Structures are given as C-alpha cells and as structure tokens.
Asks: 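My questions all concern the structure below.
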Amino acid sequence: MAEKPARVRIAPSPTGDPHVGTAYMALFNRALADKTGGKFILRIEDTDRTRYVADSEAQIFAALRWLNLVYDEGPDVGGPVGPYRQSERLPMYKEAADSLVKAGKAYRCYCTSERLEALRKIQTAEKTKHQGYDGLCRSLTPEQVAQNEREGKPCVVRLKMPSEGDIVIADKFRGTVSFPASDQQDAVLLKSDGFPTYHLANIVDDHAMGITHVIRAEEWISSLPLHHELYKAFGWEEPVFAHMPLLRNKDKSKISKRKNPTSLLWYRDAGFLPEAMVNFLSMMGFSMSGDREIFTYEEFLTEFDLGKVNLGGPVFNLEKLSWLNGEYVRKLSAEGLARRIYDHVKLLMGRERDFADLPDEELPKDTFLKDFEIKRRRWSRNLAELAPVIMRGYEHERDVFLRIMPLVAERLHTLSEAADYVPMFFVNEFALKPEDFAGKKTTPADAKKALLAMKEVMATIDFAHSGAKEALEDASRKKAEAMGIKIGDFFAPTRVAITGAKVSPPLIESMLVLGPSESMRRIDRAIALL
RNA sequence: GGCCCCAUCAUCUAGCGGUUAGGAUAAUGCCCUUUCAAGGCAUGUACGCGGGUUCGAAUCCCGCUGGGGUCACCA
C-alpha cells in the first residue's frame with residue numbers, strides 16, 4: 001500500500017465507559033497511519049453537555065494506552081492542530097456556521113421543539129413521503145429574521161440540503177453509496193445553546209486537522225449525504241470515507257451493553273491481555289494469509305490493507321477471545337506471566353465490592369456469558385481480597401511464584417482465573433469442613449485413611465532429590481494399589497488438604513513447591529479435622 | 001415503514017470462474033491423565049432462494065428473501 005502518509009483519527013465522545021468499538025476503530029485507524037507512515041489522532045467529541053461523563057475522557061486515554069493503540073496527537077499529548085477537545089474549539093464552529101449562513105448555504109431556524117415534535121408526529125401518523133424538518137424557516141425573509149433576532153428568539157442553524165437528484169458519495173469499501181436527495185432534511189449544524197452538532201464539528205475539525213481518511217463505523221453511513229454536502233458548502237476537499245462493519249451481539253444486532261460486555265474496563269478487569277484483545281479485534285473483519293490467527297500487531301501491519309476488510313458484521317465472540325487469551329498467556333515466559341498476574345492482582349486489590357454477585361435478572365441471558373460473568377466475579381473477589389498475600393508472594397517469594405507459573409499457565413484463559421491456582425501457595429489457612437474431603441463415593445473417614453497413608457508415603461521420599469516427583473508418584477500408586485483404592489481417590493483428600501480445593505494445580509508438583517514440612521503441616525491439619 | 005448497507009459451517013473466516021469448499025473457536029467422540037486444564041487424533045456442520053451470463057459458478061449480473069444500520073437542537 002504505497003500511499004501518502006494518512007492522517008486519521010478516532011473521535012469518541014466521553015459519555016461513559018471506553019467502548020470496545022472505539023478500540024476496534026482505533027486499531028484500524030492506527031494501522032492505516034502506521035502502514036502509510038502517517039499520524040493517528042484522538043479527538044474528543046464532547047459537544048453534548050447533557051451526556052457528558054466527567055472521568056470518561058481519562059478512561060479513554062487509559063484504555064487506548066492499555067491496548068497500546070497510542071495516538072500521535074490528542075488532548076493529553078498535544079499536537080500541531082489542537083486543541084483536540086471540541087469543547088475548546090467552540091468559536092471555530094460558530095464562525096464556520098456563520099460563514100455558511102452568510103454565503104446563503106445555511107440559515108437560521110427559529111422553530112420551537114414543540115413545533116418540530118408536532119411535525120414529526122403528523123409525519124409518522126400520515127407516513128408522508130418526506131420525513132424530517134419541512135424547511136419552514138428556509139424561506140424566512142430578511143425582515144422576519146431581523147425581527148426574530150430583535151426578539152431574541154432562540155435559533156439553530158440548518159444546512160440547506162439539495163432536494164433533487166441523488167447524492168452520490170465514494171466509500172472505500174463499497175465503491176459508491178447513493179441517496180435520493182429528496183429524503184434528506186435540512187440538518188441542524190449549530191444548536192440553540194451555541195454548541196455545534198456532531199456533524200458540523202466533525203467536518204470542521206477533520207478539515208482543520210488535515211484528516212485524509214475517515215475510517216469509522218457503518219452506523220455513520222446514513223449521515224454521509226449531510227457530511228458530503230457540508231464539505232461542498234465549505235468548498236473543502238473531502239477525505240476518503242471507509243465505513244467499517246459494526247461489531248455485533250450474538251443475535252447480530254449492534255454490539256450493546258445489555259447483550260455483551262462492551263466496556264474496555266471490563267476486559268481489563270477480567271484479565272484479558274491487551275495484545276490478545278488487539279489480535280482478536282484484528283480478526284473482526286480481517287484475516288491473515290495462511291489461516292494465521294495468532295499474530296502480533298506488527299505482523300498484522302505487514303498484511304493490513306483496507307481492501308481486504310470483510311464487510312459482514314462480525315459477532316463478537318467472547319468464547320473465542322477467551323481461547324485466544326489463553327494462547328497468549330501460554331506464550332508468556334514465567335517471569336512475564338508472573339508480572340502480569342502481579343499487576344492484575346494489584347489492579348483488583350481492595351475492589352471486592354465492584355465484583356459482588358449480581359442478581360439473576362442483571363446477569364446476561366446467554367449461558368456462556370452468564371457463566372463467565374458469575375465466575376469472573378468470584379475470581380475477581382478472591383483476588384481483590386487476597387491481593388496483599390499474593391503480592392507479598394511475588395515480592396518476597398519470587399522463586400516460588402516463578403516455579404508455579406508453568407503449572408498455572410496452562411490452566412488459564414484470563415489472568416483472573418489465577419484465583420483458582422495461585423493463592424494456595426501463599427495462603428496457609430483454609431476454612432475446611434470434614435465434608436469437603438468426601439468424594440462422590442468416598443467418606444471423610446476414607447479420606448482420613450488416605451491421608452494417613454500419604455503421610456507414610458511422604459516419609460519415604462526425599463523432597464530435595466531431583467527424582468522426587470517420580471518417586472512420590474510411584475510410591476503413591478503402590479500405596480493406593482496396596483489399599484485397593486483408585487489412585488484418584490488416594491490423591492483427592494490430599495489435594496483438598498494441600499490446596500484447599502478439589503480443583504487445583506497438579507498435586508505432586510504443588511507439594512514439591514510447598515516443601516515437605518508445609519505439605520506435612522497441611523496434611524496434619526486435615527487429619528486433625530477429620 | 002422510508003432510505004442505506006450486508007450475505008460461505010452455530011461463530012470468526014479462506015476462497016476472488018474449474019477445490020473432495022480449507023482453517024480456527026465452539027460441539028461430540030477417542031487418546032493422554034492424580035483434579036482442572038492444556039495437548040493429540042477423529043467426526044458432524046456452510047456457499048439463503050430464484051433467475052440469468054458461461055463449456056463451467058460460492059465466485060460475475062438481476063430479483064427475492066433474510067439480517068443489520070439509520071431516520072434528534074445524541075454522538
């Protein structure tokens with residue numbers, strides 16, 4: 001793609017949690033900038049005062065940084081064509097709107113919202129051909145306008161849209177998209193509060209910031225005619241438009257909070273790795289040659305080409321993301337994974353309340369999502385609570401921490417799942433009841449017998465010896481056989497005694513990590529309980 | 001409903017006129033196995049329908065159907 005350096009941007013509005021769709025668009029924009037040696041810009045579109053959320057902007061910054069989808073220019077990093085926050089560019093929009101009015105390409109509209117609402121009602125009821133503003137104020141005489149102004153009537157500025165013919169606009173993916181002009185309405189450019197609408201600000205800024213390619217979500221296609229007419233009215237050159245498919249819920253509707261986790265904070269808190277997220281998002285609408293599914297951003301770049309984007313709306317499948325994340329976890333070195341777990345635990349520390357169980361009606365309906373969310377909350381709560389212990393383990397018993405990483409890694413999909421495998425090495429008090437030692441076909445009494453037998457076995461083993469693992473296993477098998485019980489039933493009570501749970505890392509290796517005295521201590525405690 | 005966009009397994013996708021329609025996730029079965037995983041092997045599952053064009057269509061064209069988006073002084 002030997003193209004000129006592109007200047008691209010994403011323009012999220014700070015109205016809530018940073019959205020996965022924002023990351024998706026950031027990725028493809030960042031890629032085009034990198035591919036062409038251009039710049040990727042972050043612009044905050046905060047022109048809606050009613051939906052403004054104070055810390056949303058900072059979270060967008062943080063989320064993009066987390067994903068390493070960094071921007072070259074933006075509100076917090078500056079740049080040559082700032083400010084990058086629309087609320088700080090208000091005079092420009094006002095001036096732009098005025099110039100359009102002066103040139104006769106836009107006009108002031110004094111219609112009240114009551115009239116507009118009534119109009120809308122009639123149009124819906126009668127199913128009139130033309131829906132939308134009827135252009136009443138377009139034909140106001142200069143005298144009437146002057147009169148309205150003297151009276152201080154609130155007004156908006158509307159663009160004069162053409163009413164005949166087709167509006168044809170180029171789209172990088174679709175060739176061309178065309179709309180009957182008669183369906184268009186004179187859209188509001190400047191609101192009565194003096195703030196611009198998205199459309200005005202967007203075009204003014206894209207032009208002022210030298211944006212060459214607008215890669216954005218498909219939901220914007222329908223405002224393409226307006227944007228096109230705006231560029232025409234200003235006499236500005238239009239950027240290349242490329243409308244990406246929308247991320248979808250399982251039912252194919254536009255991805256939404258109710259049906260899917262959409263907050264990037266959710267993914268971070270759940271323990272997804274940023275590089276896995278980026279990889280996964282890359283696969284939404286794009287595929288690498290040779291059936292490659294696991295690849296770095298750099299590898300993605302080598303093959304990235306807007307021409308290869310798939311237009312069908314991809315369903316965001318958490319199951320596959322979860323698998324992919326596991327693959328990334330397993331690619332990490334012991335040191336790398338340890339560090340990720342440490343950072344993750346630190347992130348969750350003290351946040352137990354964020355992860356309280358949800359009432360059933362607030363849980364997702366989809367069984368996988370529901371199940372995942374329940375487990376995720378449990379894991380997160382455990383980690384939040386045990387964070388100090390786990391962190392101390394990382395800081396002061398690094399050798400132990402590193403030794404267990406291989407045991408843990410192949411059991412993880414997300415970092416949070418470490419809650420099931422890591423704490424047992426650093427927590428030495430388990431709240432256990434005799435029933436916890438019972439199996440499907442075994443009683444606590446059977447468990448006690450097995451534990452006593454395990455003690456005998458352990459007494460014969462030199463934990464420090466390099467063959468300790470095999471020795472312990474062989475001896476255990478022989479013992480189990482001698483007792484006439486299955487090896488699984490022999491190990492099960494010890495597993496509970498050692499790890500505090502029925503599901504754990506491999507038992508023998510865990511015992512070796514803990515060492516003979518701690519292992520023995522845990523077994524003795526269990527025996528005492530039974 | 002009007003307008004617009006889209007269309008290969010359940011899902012993500014490969015395919016760009018001639019393939020036994022390939023891979024991955026998920027599912028199922030088997031193997032491995034001290035739990036849980038991970039891993040290995042195997043199986044089933046797709047070109048929405050109807051017309052063209054062509055010697056030949058998943059691939060090109062048209063229609064239908066289906067899905068989605070959008071119809072604000074929100075972005």
Side-chain angles (χ1 to χ4, degrees), chain A residues 11-15 45-48 50-51 109 111 113 116-117 120 123-124 127-133 154-158 171 173-174 177-180 182-185 187-193 195-199 201-202 217-225 243 245-246 248 250-254 280 283-294 310-317 319-324 326-327 330 368 407-413 417 420-421 439 473 476-477 480 486-492 494-496 499 501-509:
Chain A
S13 29
T15 51
E45 308 226 326
D46 54 350
T47 55
D48 184 355
T50 60
R51 293 208 302 159
C109 168
C111 290
S113 43
L116 263 22
E117 205 167 305
R120 210 162 16 234
Q123 287 174 339
T124 340
K127 292 184 176 149
T128 56
K129 181 82 183 77
H130 181 87
Q131 301 269 124
Y133 185 59
C155 76
V156 301
V157 173
R158 287 180 187 272
D171 176 89
F173 299 133
R174 293 156 243 266
V177 186
S178 122
F179 303 81
S182 56
D183 290 339
Q184 299 298 318
Q185 62 167 329
V188 172
L189 264 28
L190 209 59
K191 304 180 228 178
S192 57
D193 63 4
F195 275 65
T197 58
Y198 161 80
H199 306 287
N202 187 268
E218 193 180 358
E219 57 186 327
W220 295 106
I221 286 188
S222 55
S223 48
L224 215 35
H243 290 89
L246 247 16
R248 311 292 186 96
K250 194 169 227 154
D251 64 3
K252 295 277 190 180
S253 59
K254 174 164 86 168
F280 185 69
M283 292 197 286
M284 304 279 90
F286 185 87
S287 72
M288 296 285 277
S289 62
D291 294 325
R292 286 238 285 155
E293 297 215 279
I294 301 176
N310 208 118
L311 260 29
V315 172
F316 191 96
N317 185 200
E319 257 172 292
K320 187 154 184 177
L321 171 60
S322 186
W323 161 78
L324 186 65
E327 293 294 313
R330 256 156 263 130
F368 180 84
L407 309 180
V408 170
E410 66 182 39
R411 290 170 170 73
L412 299 187
H413 298 92
E417 238 170 308
D420 280 348
Y421 307 109
E473 189 173 339
S476 297
R477 280 183 197 288
K486 280 189 285 190
I487 188 69
D489 289 336
F490 179 77
F491 278 133
T494 307
R495 182 183 306 284
V496 175
T499 72
K502 286 199 159 71
V503 171
S504 78
L507 181 59
I508 294 175
E509 278 144 300

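These numbers were taken from a predicted model, which means no experiment stands behind them. In the text below, chain A, chain B and the rest are named by the order of the sequence lines, each starting its count at 1.
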Asks: Which pairs, protein N/O on one side and nucleotides 20-26 of chain B N/O on the other, fall under 3.5 Å?
Replies:
from    : atom 1 : to        : atom 2 : distance (Å)
rG22(B) : N2     : Asp291(A) : OD1    : 3.0
rG23(B) : O4'    : Asp291(A) : OD2    : 3.4
rA24(B) : O4'    : Glu293(A) : OE1    : 2.8
rA24(B) : O2'    : Glu293(A) : OE1    : 2.2
rA24(B) : N3     : Lys320(A) : NZ     : 3.0

Asks: Identify all pairs in which a protein N or O lies below 3.5 Å from an N or O of nucleotides 59-61 of chain B, and state each distance.
Replies:
none

Asks: Working to the nearest 0.5 Å, report the span between OG1 of Thr50(A) and CZ of Phe195(A).
Replies: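 Reported to 0.5 Å precision, the distance equals 10.5 Å.
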Asks: Detail all sub-3.5 Å separations between protein N/O atoms and N/O atoms belonging to nucleotides 62-67 of chain B.
Replies:
none

Asks: Quick one: Lys254(A) NZ to rC5(B) P, roughly how many Å, whole number?
Replies: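 Spelled out: NZ on Lys254(A) to P on rC5(B) is 18 Å.
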Asks: For nucleotides 40-49 of chain B, give me one character per nucleotide, 5' to 3': B if any protein heavy atom sits under 4.0 Å from the base, S if the only such contacts are to the sugar-phosphate, - if neither.
Replies: ----------
Asks: Got a second to check how far Ile294(A)'s CD1 is from Glu327(A)'s CD, nearest 0.5 Å?
Replies: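 Interatomic distance, Ile294(A) CD1 to Glu327(A) CD, rounded to 0.5 Å: 4.5 Å.
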Asks: Rounded to whole angstrom, note down the P distance from rC61(B) over to rC6(B).
Replies: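 It comes out at 11 Å once rounded to the nearest Å.
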Asks: In chain order, what residues pass the side-chain contact (heavy atoms from CB on, under 4.5 Å) check against Ser504(A), with sequence neighbours excluded?
Replies: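 With sequence neighbours excluded, Ser504(A) shows a side-chain contact (heavy atoms from CB on, under 4.5 Å) to Arg495(A), Thr499(A), given in chain and number order.
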Asks: Between rA75(B) and rU19(B), how far is it from one C1' atom to the other, in whole Å?
Replies: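 Here rA75(B) and rU19(B) have their C1' atoms 46 Å from each other.
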Asks: For rA14(B), does either OP1 or OP2 sit under 4.0 Å from a side-chain N or O belonging to Ser289(A)?
Replies: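 No, no such contact exists.
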Asks: Using a heavy-atom cut-off of under 4.0 Å over every strand shown, decide if Cys155(A) touches base, sugar-phosphate, or nothing.
Replies: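 Nothing, no heavy atom under 4.0 Å.
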Asks: Determine the interatomic distance between P on rC41(B) and the same-named atom on rA58(B); round to the nearest Å.
Replies: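 Looking at atom P only, rC41(B) and rA58(B) are 31 Å apart.
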Asks: Could you tell me whether the side chain of Arg174(A) reaches within less than 4.5 Å of the side chain of Leu311(A), counting heavy atoms only?
Replies: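 In short, these two side chains touch, coming nearer than 4.5 Å.
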Asks: Regarding Pro196(A), tell me which of base, sugar-phosphate or nothing describes its non-hydrogen contacts under 4.0 Å with the strands shown.
Replies: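 Here Pro196(A) touches the backbone only, sparing every base.
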Asks: Less than 4.0 angstrom between a side-chain N/O of Arg120(A) and OP1 or OP2 of rC73(B), yes or no?
Replies: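 Answer yes for this pair, as a side-chain N or O of Arg120(A) is under 4.0 Å from OP1 or OP2.
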Asks: Can you figure out which of rC73(B), rC6(B), rC12(B) approaches the side chain of Val315(A) most closely?
Replies: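 Nucleotide nearest to Val315(A)'s side chain: rC12(B).
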Asks: Which nucleotide, in any strand shown, forms a Watson-Crick or G-U wobble pair with rA42(B), with both distances under 3.5 Å?
Replies: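 Base-paired to rU28(B).
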Asks: Atom CG of Leu311(A) and atom P of rG69(B): how far apart are they, to the nearest Å?
Replies: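 My rounded result for the distance is 15 Å.
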Asks: For Asn310(A) and for Glu410(A), locate the closest nucleotide of RNA chain B by heavy-atom distance; then report the residue assigned to the nucleotide nearer the 5' terminus.
Replies: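 On the 5' side of the pair lies Asn310(A).
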Asks: Would you say Lys191(A) has more than 12 foreign heavy atoms packed within less than 6.0 Å of its NZ?
Replies: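 For Lys191(A), atom NZ is crowded (more than 12 foreign heavy atoms under 6.0 Å).
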Asks: Using a cutoff of under 3.5 Å, can you pull out all pairs of nitrogen or oxygen atoms linking the protein to nucleotides 2-4 of chain B, with atom names and distances?
Replies:
from   : atom 1 : to        : atom 2 : distance (Å)
rC3(B) : O4'    : Asp183(A) : OD2    : 3.4

Asks: Rounded to whole Å, please give me the gap between CG in Leu189(A) and P in rA72(B).
Replies: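 After rounding, the gap between these two atoms is 16 Å.
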Asks: Asp291(A): which residues meet the side-chain hydrogen bond (donor to acceptor under 3.5 Å, both in side chains) condition with it, sequence neighbours left out?
Replies: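 Once residues adjacent in sequence are excluded, Asp291(A) has no partner under the side-chain hydrogen bond (donor to acceptor under 3.5 Å, both in side chains) criterion.
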Asks: By side-chain contact (heavy atoms from CB on, under 4.5 Å), which residues pair with Ser178(A), not counting sequence neighbours?
Replies: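 side-chain contact (heavy atoms from CB on, under 4.5 Å) check on Ser178(A) returns Asp166(A), Val168(A).
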Asks: Write down the distance separating the P atoms in rG63(B) and rC3(B), rounded off to the nearest Å.
Replies: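 Between the two P atoms, the distance is 14 Å.
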Asks: Considering only heavy atoms from C-beta outward, does the side chain of His243(A) approach that of Leu224(A) to under 4.5 Å?
Replies: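 With C-beta onward as the side chain, the pair touches.
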Asks: List in chain and number order the residues that pass ring pair (Phe, Tyr, Trp, His ring centres under 6.0 Å) with Phe280(A), two or more places apart in sequence or in another chain; answer none if no residue qualifies.
Replies: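 In terms of ring pair (Phe, Tyr, Trp, His ring centres under 6.0 Å), with neighbours along the sequence ignored, Phe280(A) is linked to Phe316(A).
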Asks: Say we look at rA26(B) and rA46(B): how far apart would their C1' atoms be, to the nearest angstrom?
Replies: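 Their C1' atoms lie roughly 15 Å apart.
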Asks: Would a distance-only check, ignoring hydrogens and angles, find a side-chain to backbone donor-acceptor pair under 3.5 Å from Ser322(A) to His413(A)?
Replies: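 Side chain of Ser322(A) to backbone of His413(A), a donor-acceptor pair under 3.5 Å: no, none is there.
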Asks: Rounded to the nearest 0.5 Å, what separation is found between the SG atom of Cys109(A) and the CG atom of Leu116(A)?
Replies: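 Between atom SG of Cys109(A) and atom CG of Leu116(A) there are 6.5 Å.
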Asks: Nearest-Å distance, CZ (Arg495(A)) to P (rC36(B))?
Replies: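 After rounding, the reported distance stands at 8 Å.
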Asks: Could you work out the separation of rA14(B) and rC9(B) based on their C1' atoms and round it to a whole Å?
Replies: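 Approximately 13 Å lies between the C1' atom of rA14(B) and that of rC9(B).
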Asks: How long is the line joining CG of Leu224(A) and P of rC6(B), in whole Å?
Replies: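 Atom CG in Leu224(A) sits about 13 Å away from atom P in rC6(B).
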Asks: Applying side-chain contact (heavy atoms from CB on, under 4.5 Å), can you list everything that pairs with Glu410(A), at least two apart in sequence or on another chain?
Replies: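 Glu410(A) satisfies side-chain contact (heavy atoms from CB on, under 4.5 Å) with Arg330(A) once adjacent residues are dropped.
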Asks: Which is more 5' along RNA chain B, the nucleotide nearest Phe316(A) or the one nearest Glu473(A)? Just name the residue.
Replies: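 In this pair, the answer is Phe316(A).
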Asks: If I take atom CD from residue Glu293(A) and atom NZ from residue Lys320(A), how far apart are they, to the nearest 0.5 angstrom?
Replies: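 So the CD of Glu293(A) and the NZ of Lys320(A) are separated by 3.5 Å.
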Asks: So does Arg174(A) reach the base of rC5(B) with its side chain, donor to acceptor, closer than 3.5 Å?
Replies: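 No pair found.
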Asks: Given atom CG of Leu407(A) and atom C1' of rA37(B), what is their separation to the nearest angstrom?
Replies: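 So the CG-C1' distance, Leu407(A) to rA37(B), works out to 12 Å.
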Asks: From the options rC73(B), rC6(B), rC36(B), select the nucleotide whose nearest atom is closest to the side chain of Arg411(A).
Replies: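 Nearest listed nucleotide: rC36(B).
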Asks: Let me know the distance between CG of Leu246(A) and P of rC5(B), rounded to the nearest Å.
Replies: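 To the nearest whole Å, that distance equals 15 Å.
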Asks: Identify whether any heavy atom of Gly326(A) sits under 4.0 Å from a base atom; if not, whether one sits that close to sugar-phosphate; answer base, sugar-phosphate or nothing.
Replies: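 Touches nothing.
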Asks: Check whether any side-chain heavy atom of Phe491(A) sits under 4.5 Å from a side-chain heavy atom of Ile508(A), and report yes or no.
Replies: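 Of all side-chain heavy-atom pairs linking Ile508(A) with Phe491(A), at least one is under 4.5 Å.
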Asks: Is the shortest side-chain N/O distance from Ser192(A) to OP1 or OP2 of rC73(B) below 4.0 Å?
Replies: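 Result: no.
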Asks: What residues form a side-chain contact (heavy atoms from CB on, under 4.5 Å) with Arg51(A), not counting sequence neighbours?
Replies: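 By the side-chain contact (heavy atoms from CB on, under 4.5 Å) rule, Arg51(A) matches Thr15(A), Asp48(A).
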Asks: Would you mind classifying the nucleic acid contact of Pro506(A) as base, sugar-phosphate or nothing, using non-hydrogen atoms under 4.0 angstrom?
Replies: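 Base contact.
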Asks: Can you identify which nucleotide, out of rU70(B), rC74(B), rU35(B), has its nearest atom closest to the Val503(A) side chain?
Replies: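 Between rU70(B), rC74(B), rU35(B), the one nearest the side chain of Val503(A) would be rU35(B).
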Asks: Nearest whole angstrom, please: distance from the P of rA7(B) to the CZ of Phe173(A).
Replies: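 Distance, rounded to whole Å: 13 Å.
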Asks: What residues form a ring pair (Phe, Tyr, Trp, His ring centres under 6.0 Å) with Tyr198(A), not counting sequence neighbours?
Replies: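 Checked Tyr198(A) against ring pair (Phe, Tyr, Trp, His ring centres under 6.0 Å); matches are Trp220(A), His227(A).
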Asks: Could you measure between the two P atoms, the one in rC73(B) and the one in rG68(B), and give it in whole Å?
Replies: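 rC73(B) and rG68(B) have their P atoms separated by 26 Å.
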Asks: Could you give the distance separating rA72(B) and rA57(B) at their P atoms, to the nearest angstrom?
Replies: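 It works out to 46 Å between them.
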Asks: Output the single nucleotide from rC73(B), rU13(B), rU35(B) whose closest atom is nearest the side chain of Lys191(A).
Replies: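 Looking only at heavy atoms from C-beta outward on Lys191(A), the closest nucleotide is rC73(B).
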